[in-house]
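Order of the sequence lines fixes the chain letters, A, B, ..., with proteins taken first and strands second; residue numbering starts at 1 for each chain. It should be emphasised that the depicted structure is a prediction, and the values quoted were computed from it without experimental measurement.
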Protein chains: 2
Amino acid sequence: MEARHLRYALALAEHGHFGRAARALGIAQPPLSKQIADLERETGARLFDRTRQGVFPTPAGEAFLARARRALDEMAAATVDAGRAARGETGRLRLGFVASALLDPLPDVLGRFGRERPGVRLELHEMASRRSTAALVAGELDVTVTLGPPRGAGAERLVSVPVGHDHLIAVVGSAHPYAGQASIGVDQLRRQQLIVAAGEDEPAVVIGLRTLLGEDVAALDGATVARDVHTIMGLAACGIGVGLGPSRMRSVPRPGVRFCEVTPRTALPDLVLSFADRDRSPALGAFLDTVRRNCPDVGAALDLRLGPAC
Amino acid sequence: MEARHLRYALALAEHGHFGRAARALGIAQPPLSKQIADLERETGARLFDRTRQGVFPTPAGEAFLARARRALDEMAAATVDAGRAARGETGRLRLGFVASALLDPLPDVLGRFGRERPGVRLELHEMASRRSTAALVAGELDVTVTLGPPRGAGAERLVSVPVGHDHLIAVVGSAHPYAGQASIGVDQLRRQQLIVAAGEDEPAVVIGLRTLLGEDVAALDGATVARDVHTIMGLAACGIGVGLGPSRMRSVPRPGVRFCEVTPRTALPDLVLSFADRDRSPALGAFLDTVRRNCPDVGAALDLRLGPAC
DNA sequence: GCCGGCGATACTTCGCCGGTATGGAGGCAG
DNA sequence: CTGCCTCCATACCGGCGAAGTATCGCCGGC
């Protein structure tokens, strides 16, 4: 059976007249008669009653037509859906990201993307950089935000652009002696109870700290370890000590804490956006588009990697 | 777009390889390439990624394939459903009937039909003979059970067969003086409080009674009128009087009542099964089949009207 | 009883699907 | 690096079948 048969049967049912249905279909009447006859032979059931008053579907015809309508609707929807998916209006975007990315670039970007592409289902996976890179290479993710450029097997096939820069800052409770300071020196840090993040991506901050503190790591060894930056800020707010984390913490103003620069200024690994260029889905393309429009510098880096046309 | 395109796209997605998909479809590879290319041109979206590792649907392709599967399922179901409807396995049967038909033939027939054709939706409309005949002529019903042959405009186009015969009987409470009698004479009836049915079909019983009682209708004028035979039996059970109704009341044994013949035996209008032969639906055919097998005499009458082949 | 409308049938035409042959691109082995 | 192989795309041709034209059969109405 072909879609033609369904269209013809529906037209015939609608017009109740072979001649008029054929005219509406843009064909002559005999071919329509033949196609309907073929259809009735194939289904093994008489689908239409030809009466003097007109052509009417039999109960079998009614059952057939109901299905035929749905089948043709599905076919029409197939084209529409394919077009939408191709334009990135629908689909899914699987994003892997480190928790601290929720501080700065993600809330804004995801918010805009969600509004611009309401049809795209966002699948958000908070995970350490290594794992998300592996998942991206394995095709289980579409895009990642990691601390530092992706490493590991297959990483060389990924396209990566840094998303802003980052350095180490301190966070203290409002009542803390340092609360009023714009910056804290290294020697001041050494006398404090430090609060740092643990987890797989911990090295990012810790390496920065070791660089800063040099060989004197006693303060670091006795540090309080928290699961994420939010906990760090919470603990700092309690006055427990001096929290240390990425400067993007400033993006999440929180009552009861103050942020201070740490001197000398110590760079931390950049947040890096990565994706596999080989199978770039339309949804990913739309996402990159949003990022491009939202962050001019990231957009420029993308243009450099992919060409402005993409 | 034709069903062929959907089948080809699904085969290609399944096999991930033009050559193998074509072989599975029983065609050569170039035609498959061309059809897929045509499909992609028509949808305006690339549906498959041709990679070295195989052919994989793009997001647009996934969206298309999901719809394609449903469309083809609907098409297959169309044939199946049409066949079922043609064989009377599904569909609907709109039956109009007088309430007293629920006493005898309907419970048995409907029960069997419901078990034999669970897919047929029974629409039951209890209504007076005149109304159901009009509805049958108007095409709002498929079959009726009336008291007496159908009358009114268009009734001559209906096929009708009597469903058994009927006569007047009496029903009394178990404690009634007549309870032990096998039969009650007319003179005995005249001395009793009578209970008869009202409603549009009342004349059936009333005419029988008038015939029986002759000119002495005093007993009838003072009779209690009930809406249906069940009420009659209920009132009789209370000992209020002597109920009068069709002999089919015996089919519904009820504690507390006894049935008595009325002498002389008085015929009542037959229950008559009618339908429009011109547009006999498969469900109706199946129903008639059930009736035929269930009631040999009705079957014989049907064969006489329609020919044994039907 | 003739005419007109409607669907079915017979036969022809032509478009398109499918087949064969071939091209081109990319990976792999020697 | 080159030749080969795999795989999909393109080109061209033949045949099936869908569509067109002409006509018939049937039924109802004027």
Side-chain angles (χ1 to χ4, degrees), chain A residues 1-43 45-58 60-61 68 72 75 154 156-157 276-279, chain B residues 1-58 60-61 64-65 68 72 75 154 156-157 277-279:
Chain A
M1 188 188 315
E2 288 299 326
R4 182 183 54 253
H5 295 115
L6 309 187
R7 285 188 281 265
Y8 288 8
L10 286 174
L12 180 55
E14 184 184 349
H15 292 89
H17 188 283
F18 274 79
R20 280 193 287 276
R23 216 175 313 137
L25 288 167
I27 64 173
Q29 169 258 319
L32 178 57
S33 286
K34 186 182 186 320
Q35 293 300 320
I36 297 294
D38 289 348
L39 182 60
E40 289 179 327
R41 180 154 23 81
E42 184 175 348
T43 56
R46 191 152 193 83
L47 300 179
F48 291 95
D49 267 336
R50 287 82 157 163
T51 73
R52 231 12 71 177
Q53 290 73 30
V55 179
F56 303 99
T58 62
L72 290 181
M75 288 181 64
E156 68 283 358
R157 299 201 168 181
D277 192 37
R278 55 179 181 85
D279 43 20
Chain B
M1 188 187 316
E2 287 299 326
R4 183 184 52 254
H5 295 115
L6 310 187
R7 286 189 280 265
Y8 289 8
L10 286 173
L12 180 56
E14 184 184 349
H15 292 89
H17 188 283
F18 275 79
R20 280 192 286 279
R23 215 174 314 135
L25 288 167
I27 64 173
Q29 169 260 317
L32 178 57
S33 286
K34 184 181 187 319
Q35 293 300 321
I36 297 295
D38 290 347
L39 182 59
E40 289 179 327
R41 180 155 19 82
E42 184 175 347
T43 57
R46 191 152 192 82
L47 301 179
F48 292 95
D49 267 336
R50 287 82 157 163
T51 73
R52 219 35 52 184
Q53 290 74 29
V55 180
F56 302 98
T58 61
F64 183 90
L65 291 167
L72 289 181
M75 287 181 64
E156 67 282 359
R157 298 199 169 183
D277 192 36
R278 53 178 183 83
D279 43 21

For [X], which residues count as a side-chain contact (heavy atoms from CB on, under 4.5 Å) partner, sequence neighbours excluded?
| X | value |
| --- | --- |
| A/Gln53 | A/Thr51, A/Phe56 |
| A/Ala13 | A/Phe48, A/Leu65 |
| B/Ala28 | B/Pro30, B/Pro31 |

*Specify the residues of residues 1-14 of chain A, ordered by number, for which at least one heavy atom lies under 4.0 angstrom from an atom of DNA chain C.*
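When residues 1-14 of chain A is checked for heavy atoms under 4.0 Å from DNA chain C, there are no hits whatsoever.
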*May I ask you to list the residues of residues 15-25 of chain B, by number, that have any heavy atom positioned under 4.0 Å from an atom of DNA chain C?*
none
Return the value, rounded to whole Å, for the distance between atom [atom1] of [X] and atom [atom2] of [N].
| X | N | atom1 | atom2 | answer |
| --- | --- | --- | --- | --- |
| A/Asp49 | C/dC6 | CG | P | 18 Å |
| A/Asp38 | C/dG7 | CG | P | 17 Å |
| A/Gln35 | D/dG17 | CD | P | 11 Å |
| A/Glu40 | C/dG7 | CD | P | 13 Å |
| A/Leu32 | C/dT9 | CG | C1' | 15 Å |
| B/Ile27 | D/dG15 | CD1 | C1' | 16 Å |
| B/Ile36 | D/dA9 | CD1 | P | 9 Å |
| A/Arg46 | C/dG7 | CZ | P | 12 Å |

_Within the 4.0 Å limit for protein heavy atoms, which parts of nucleotides 21-30 of chain D are touched? Write it as a string from 5' to 3', B for base, S for sugar-phosphate only, - for none._
BB----SS--
Residues that [X] engages under side chain to side chain donor-acceptor pair (under 3.5 Å), provided they are two or more places apart:
| X | value |
| --- | --- |
| B/Glu2 | A/Arg7 |
| A/Thr58 | none |
| A/His5 | A/Gln35 |
| B/Gln29 | B/Ser33 |

*Please check the phosphate of C/dA25 (OP1 and OP2 only) for any side-chain N or O of B/Arg50 closer than 4.0 Å.*
no
*Any B/Ser33 side-chain N or O less than 4.0 Å from OP1/OP2 of D/dC8*: no
*Any side-chain heavy-atom pair from B/Leu47 and B/Ile36 closer than 4.5 angstrom?*
no
*asked:* Less than 4.5 Å apart, side chain to side chain, heavy atoms only: is that true for B/Met1 and B/Leu6?
replied: yes
*Could you check whether A/Gly26 gets within reach of a base, just the sugar-phosphate, or nothing at all, counting any heavy atom under 4.0 Å?*
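Sugar-phosphate contact only - A/Gly26 comes under 4.0 Å of backbone atoms but never of a base.
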*Which pairs with one or both residues in residues 16-29 of chain B pass salt bridge (charged side-chain N to carboxylate O under 4.0 Å, His left out), sequence neighbours excluded?*
none
*Can you tell me which residue pairs pass the salt bridge (charged side-chain N to carboxylate O under 4.0 Å, His left out) test with a partner in residues 24-41 of chain B, sequence neighbours excluded?*
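Checked against salt bridge (charged side-chain N to carboxylate O under 4.0 Å, His left out) - neighbours excluded - the pairs reaching residues 24-41 of chain B are B/Lys34-B/Asp38, B/Asp38-B/Arg41, B/Glu40-B/Arg46, B/Glu40-B/Arg50.
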